[in-house]
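Any value given below was found using the heavy atoms of this structure, including those in side chains, with hydrogens, waters and symmetry copies removed. Atoms within each ligand, like the ligands themselves, are counted from 1 in listed order.
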Amino acid sequence: MTEHSARPLRLGTRASKLARWQAEHIAGRLRELGAKVEIVLLRTQGDAQQSGPIAAIGAQGVFTKELQRALLDCQIDLAVHSMKDLPTEKVDGLAVAAVPIREDHHDALVAPAALAPAPTTLADLPHGAHVGTGSARRRSQLLAARPDLKVSGIRGNVDTRLAKLDAGDFDAILLAAAGLRRLGLEDRISQLLPIEIMTPAPAQGALAIECRADDQPTLAALRPLEDAAARAAITAERTALRKLEGGCLAAMGAHARVDGEQLSLRAIVLSDDGSQHVWVEDQAPTYAAVDLGTAVATRLLDQGAAELLRPR
Ligand SMILES: NCc1[nH]cc(CCC(=O)O)c1CC(=O)O
């Protein structure tokens, strides 16, 4: 671990608070292992364009593309992504060198601060309550559980969304528990939604540490951060996503639970309004994560998932 003493590893990150927390977290772990790390702030298209629904920006990978370009241009040596924002399409010349231990995978129901500390659950929300989320996956599953709810879009980083909630724009919003925990905002979680009601996005709560595929010193420095269980789970989830070709904007959820050497994958695809859905759950050994993801996606397609995925 001392080969890097001459030159620090340049770790690229977006400027959002969550991205910077994630970058500092990984930099800290690498420094504990003896590496020198320098943080490089980069601006991405997803950050620059904070108004309008994210679907309107169009392309996948709005949060990750610029960091990948900086890697390929050798401006930085590694990038830390929220893996759920990383398109499943492989990028030539780059590798996900490490998948660290995963944070909480749940989606969280968040109520306005004025209502704290009384915890609000999905079942507690009054008839016709107004819930904010920009995600088709969250919207469809919310409506499947509570067709009476009024669901509308919300954008911006975690702080911006919480401010809109607290200003009275919504009765509740949904956020990834992982982001709230990382930002020290876990006291804002009113309810962790069970995965049977709200199956998370593929790889939610997981980080991807990416570097150039031929950069041996950086690959070696990142190796100790790898968590085999997290890698197996996200591999199964992302294989299913890729096979469904739903992309990050589809009403699709997937979650793999790791139990020793055993992997259990649950995946769901819903219609836009939540009135129709198909779901599948299956098991396999952790070494067969790719096969499990493929098998689950195939069964979803056999049950009509393709007709539910919105063409884009
Ligand atoms: N696309 C936004 C995004 N990307 C990653 C996270 C949270 C952290 C994670 O899921 O790993 C969030 C915010 C959210 O969904 O609430």
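- At a 3.5 angstrom cut-off on N or O pairs, Gln22 does not count as close to ligand 1.
- Side-chain contact annotation: Gln262 with Gln283, donor-acceptor N/O pair under 3.5 Å absent.
- Phe170 and Leu180 fall within the same hydrophobic cluster, where Ile, Leu, Val, Met, Phe, Trp and Tyr residues are linked whenever their side-chain heavy atoms come under 4.5 Å apart, directly or through other members.
- Around CG of Asp73, the count of heavy atoms belonging to other residues, nucleotides or ligands within 6.0 Å exceeds 12.
- Considering all non-hydrogen atoms of both residues, Leu219 and Cys211 come closest at CD2-SG, 3.5 Å.
- Counting heavy-atom neighbours within 6.0 Å of Arg20 CZ, excluding the residue itself, gives a total above 12.
- In this structure, Glu103 has no heavy atom closer than 4.0 Å to ligand 1.
- For the pair Gln204 and ligand 1, the shortest N or O to N or O distance does not fall below 3.5 Å.
- For the pair Ala203 and ligand 1, the shortest N or O to N or O distance does not fall below 3.5 Å.
- Where the criterion is an N or O separation shorter than 3.5 Å, residue side chain and backbone included, Leu175 fails it with respect to ligand 1.
- The shortest heavy-atom distance from His106 to ligand 1 is not under 4.0 Å.
- Under 4.0 Å from ligand 1, not a single heavy atom of His81 appears.
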Please step through side chain to side chain donor-acceptor pair (under 3.5 Å) for the pair Asp124 and Thr121, ending with a clear verdict. CA-CA 5 Å; Asp124 291 336; Thr121 68; 3.2 Å; yes
